[in-house]
Amino acid sequence: MAFEIDIGFTSLAGTKEVNEDFAAAMLPEPGHEALGAIAAIADGVSMGGMGREAAQTTVTSVVRDYFGTPETWDATVALDRIIGAQNSWLAGVNRRRQPACGLTTLTALVLRGQGYSLAHVGDTRAYLMREGEVTQLTHDHAMDHPDMSHKLLRAVGAEDRLVVDYSQGEMHVGDVFVLVSDGVHGVLPARHFKTLPTDTAQALSESLVQAALQKGSNDNATALVVRVLGVEEAGLHDENRAAQQLPVPPKLKVGDVIDGYSVTARVADNGINVLYQVRDTATRKLHALKTLHPSRAHDAEERAMLAHESWLAKRMRTSRAAENLVAVNDVPSPTAFYLLYDWHGGETLQQVLDRKQPPAVLQAVNAVTQVARALGRLHRQGVIHRDVKPANLHQGEDGVLRLLDLGVALTGREPEAARLLHAGTPSYINPEQWGWRAQGGEAPPEAPDAQSDLFALGVTLYQLLTGGKLPYGDVLPYQAGRYWRDPIAPSRHNPEVPIWLDHIALKAVARDKRQRFETAEEMLLALERGASRPLTAPAASPLIHRDPAALWKIAVGVSVLFNVLLVYWLLFLPK
């Protein structure tokens, strides 16, 4: 369902001459839909004058500047930066005017994806009407005394450092958010909201203000109403919010039940993530449950990385790449933070290699062809897998080969910790990521790209053809010396490998990036054409490229030989 809201706004001066309340709402412009919508209400402080100006400038700044913040920022981070800047400006103005005059309350609401975020200062309020119940979402920052309730403890512009209350929650279709000034909530109890018409947001806002004035409100009365008519599919911010709020489950044992899923086996535990096989107690269907290791429960970065994996897996469900990915399932109202994937029988290609029974050449070509097709679809979506290897390629009993583990994938919206992580297995990482280049000399490490995935797939193809051998041997991090020779042709290890496939494998793992496949489609085309239109053999790397110090070594060798001969002549030959 598409994101859709209905907004209503009513504000009257009431018995006062000047209306110092101000409210506004704004929807995203095309191209910025991921930021959601924002609504804000403020009540300017009458003392000293300039209250309306403070309320108007604050609300205007918040709703306009919000859409200038990066989409990767959490809504609370964006609001904190904007409100902090506005408070600094107002506080600076007030320092030059005594007594302070530009003060205001503020309650701002952001609706984004499937959740809401609130920022609150002062005594304006936010309520949530859901399924016949009315819940107050904010706490007044006013003195707790009947005769002093109009005295604010916090206000925008009062001090250089402003403490803002933030809260977040899930948003459902049918929710009604009500933002009101104290001229409304001061005389109108929240239970009275349910008796008013809610057919449209505008009708409810008008009814709230009129009811407050009829109850004898002697202040400005303002109501801003937002009705949720439709919510979007969970976005990255929703996943991050759930990741930070939900607890990480403890280590589970066989027989333990979580949210209706019974643990049948612990599949893997690498100290960061734990993978379980679980069975739905209602449908008896098997699933794979992935969560953080309990020792990582308080690591916010690890939580964010797993949340990014969840968001990416859900985003891929509607793309063609889903054919070669494991589907992730939605869990209604989970009690813990985990991902629930489909379970597929079969084995990984690493398990095949570990049996010392390498697949037939045709099977290897078929497997790599499926992976190349899947990588091409991922790359067109702007996704770099970063950890292609036999252990992450699962051959299902249904004949479909699936890419596993999107945990370190790059999308442009991954957490910074994931972006800076030198992810992947060293033997499958292209030399440029280690700062090595075929032309010799030092170079800064290159960021992973689509060609990085293709190099890793080339290493995988080489292993499948040779029974597990690596083109450059076991590579250790930053071990540039491993790339000083060209790989041996797979057919030297396995005579059944045809020459045309030799050429594809060697091109895929070439030392020089310029000699490799540039796109997954190029590699896929070469595999599909096979012997009908074979590639030419990759040229052997010149000695100077394989070993930039080769000339110096030769010169030193000649010099040593010459000196040995000279010494021999001086000592032993007749004079």
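Computation of the quantities below employed the complete heavy-atom set of this structure, encompassing side-chain atoms and omitting hydrogens, waters and symmetry-equivalent molecules.
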inquiry  = Between N19 and S11, does the side-chain hydrogen bond (donor to acceptor under 3.5 Å, both in side chains) criterion hold? Intermediate values first, please.
reply    = CA-CA 8 Å; N19 187 354; S11 183; 2.8 Å; yes
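- Not one N or O on the side chain of D165 forms a donor-acceptor pair closer than 3.5 Å with the backbone of H120.
- In this structure, L340 CG and N329 CG are separated by 5.0 Å, a value rounded to the nearest 0.5 Å.
- In this structure, CD on Q210 lies 11.5 Å from OG on S217, to the nearest 0.5 angstrom.
- Distance CG/L312 to CD/E309: 8.0 Å, rounded to 0.5 Å.
- At a cut-off of 3.5 Å, with distance as the only test, no side-chain donor of S319 or Q381 sits close to an acceptor on the other residue.
- The six-membered or imidazole ring of Y116 lies near that of F177, with a centre-to-centre distance under 6.0 Å.
- With sequence neighbours excluded, no residue forms a ring pair (Phe, Tyr, Trp, His ring centres under 6.0 Å) with H385.
- Remark: T281 pairs with S262 by the side-chain contact (heavy atoms from CB on, under 4.5 Å) rule, at least two apart or across chains.
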query = Step by step, would you call I258 with L252 a side chain to side chain contact (heavy atoms under 4.5 Å, CB included)?
reply = CA-CA 9 Å; I258 178 171; L252 303 174; 4.2 Å; yes
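- When only modelled atom types and interatomic distance are considered, T411 and H308 share a side-chain donor-acceptor pair under 3.5 Å.
- In this structure, CD in E302 is found 6.5 Å from CG in L292, a value given to the nearest 0.5 Å.
- At distances below 3.5 Å, at least one donor-acceptor pair connects side-chain atoms of T15 with backbone N or O atoms of N218.
- Put simply, CG on L410 and CG on L421 are 9.5 Å apart, with the number rounded to the nearest 0.5 Å.
- Evaluation of the ring pair (Phe, Tyr, Trp, His ring centres under 6.0 Å) rule for Y341 yields no partner, not counting sequence neighbours.
- In this structure, H139 places its NE2 atom where only 12 or fewer heavy-atom neighbours from other residues, nucleotides or ligands lie under 6.0 Å away.
- Between Y127 and F193, the ring-plane angle classifies as perpendicular under the 30° and 60° cut-offs.
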ask   = Going through the distances and angles, do F22 and R52 end up as a side chain to side chain contact (heavy atoms under 4.5 Å, CB included)?
value = CA-CA 7 Å; F22 195 83; R52 176 173 175 79; 4.2 Å; yes
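- The salt bridge (charged side-chain N to carboxylate O under 4.0 Å, His left out) analysis of residues 76-94, with sequence neighbours excluded, yields no pairs.
- Using a 4.5 Å heavy-atom cutoff, the side chains of T10 and T222 are not in contact.
- Taking the side-chain contact (heavy atoms from CB on, under 4.5 Å) definition, one finds that A447 meets it with nothing, sequence neighbours left out.
- Listed by first and then second residue, the salt bridge (charged side-chain N to carboxylate O under 4.0 Å, His left out) pairs involving residues 258-282 are K251-D269 (not counting sequence neighbours).
- Between N273 and H293, every side-chain heavy-atom pair lies at or beyond the 4.5 Å cut-off.
- At a threshold of 4.5 Å between non-hydrogen side-chain atoms, the residues L103 and N94 count as touching.
- For Y66, there are no ring pair (Phe, Tyr, Trp, His ring centres under 6.0 Å) partners at least two apart in sequence or on another chain.
- Every residue meeting the ring pair (Phe, Tyr, Trp, His ring centres under 6.0 Å) condition with H287, not counting sequence neighbours, appears here in chain and number order: Y261.
- Between the side chain of T195 and the backbone N or O of H192 there is at least one donor-acceptor pair closer than 3.5 Å.
- Under the 3.5 Å distance criterion, the side-chain polar atoms of T76 are left unmatched by any main-chain donor or acceptor of Y166.
- No donor-acceptor pair under 3.5 Å is formed between the side chain of D387 and the backbone N or O of L406.
- Judged purely by atom type and a 3.5 angstrom limit, T291 uses its side chain to pair as donor or acceptor with the backbone of F337.
- By the 4.5 Å heavy-atom criterion applied to side chains, S310 and E239 are counted as neighbours.
- Residues T105 and A42 approach most closely at O-CB, 3.1 Å, considering heavy atoms.
- Across R413 and L236, no two heavy atoms sit closer than the pair O-CD2, 3.3 Å.
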ask   = Could you walk me through whether D175 and L128 pass the side chain to side chain contact (heavy atoms under 4.5 Å, CB included) check?
value = CA-CA 7 Å; D175 285 352; L128 171 60; 3.8 Å; yes
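- Salt bridge absent: D238 and R112 never bring a charged side-chain N and a carboxylate O closer than 4.0 Å.
- Separation of atoms CD (Q114) and CZ (R241) is listed at 8.0 Å; rounding is to 0.5 Å.
- Checked against side-chain contact (heavy atoms from CB on, under 4.5 Å), T200 has the following partners two or more places apart in sequence or in another chain: D6, Q202, A203.
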If you look only at distance, which donor and acceptor atoms sit under 3.5 Å apart when one is on a side chain in residues 242-250 and the other is two or more places apart or in another chain?
{"unit_1": "Q244", "atom_1": "NE2", "unit_2": "A300", "atom_2": "O", "d": "3.4"}

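- In this structure a side-chain-to-backbone donor-acceptor pair under 3.5 Å is missing from D453 to A450.
- For the pair Q86/V62, no side-chain contact is recorded, criterion being any heavy-atom separation below 4.5 Å from C-beta on.
- If you check the side chains of S181 and D21, you find a donor sitting under 3.5 Å from an acceptor.
- Counting heavy atoms from C-beta outward, Q168 and L118 have side chains that stay 4.5 Å or more apart.
- Under 3.5 Å, the side chains of D43 and N220 contain no donor-acceptor pair of N or O atoms.
- Salt bridge D182/R125: absent, no basic N to carboxylate O contact under 4.0 Å.
- Between E323 and R377 a salt bridge is recorded (basic side-chain N to carboxylate O distance below 4.0 Å).
- A donor-acceptor pair is defined here as one N or O able to donate and one able to accept, closer than 3.5 Å; such a pair exists between the side chain of R227 and the backbone of D199.
- Checked options T138, T107, T104; the residue passing with T124 is T107 (criterion: side chain to side chain donor-acceptor pair (under 3.5 Å)).
- Using a 4.5 Å cut-off on side-chain heavy atoms (C-beta onward), L306 and L339 make contact.
- Judged as a salt bridge (charged side-chain N to carboxylate O under 4.0 Å, His left out), the pairs with a partner in residues 200-220 (not counting sequence neighbours) are, in order, K16-D219.
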query = Could you go step by step and tell me if S452 and R386 meet the side chain to side chain contact (heavy atoms under 4.5 Å, CB included) rule?
reply = CA-CA 7 Å; S452 305; R386 271 213 302 182; over 6 Å; no
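- With a 4.5 Å cut-off on side-chain heavy atoms, L224 and L109 do not count as touching.
- Of the possible polar contacts, none joining the D140 side chain to the A142 backbone as a donor-acceptor pair under 3.5 Å is found.
- When all heavy atoms of A409 and V383 are compared, the pair lying nearest together is CB-CG1, 4.2 Å.
- With sequence neighbours left out, the side-chain contact (heavy atoms from CB on, under 4.5 Å) criterion links Q451 to D449, K513, R516, E518.
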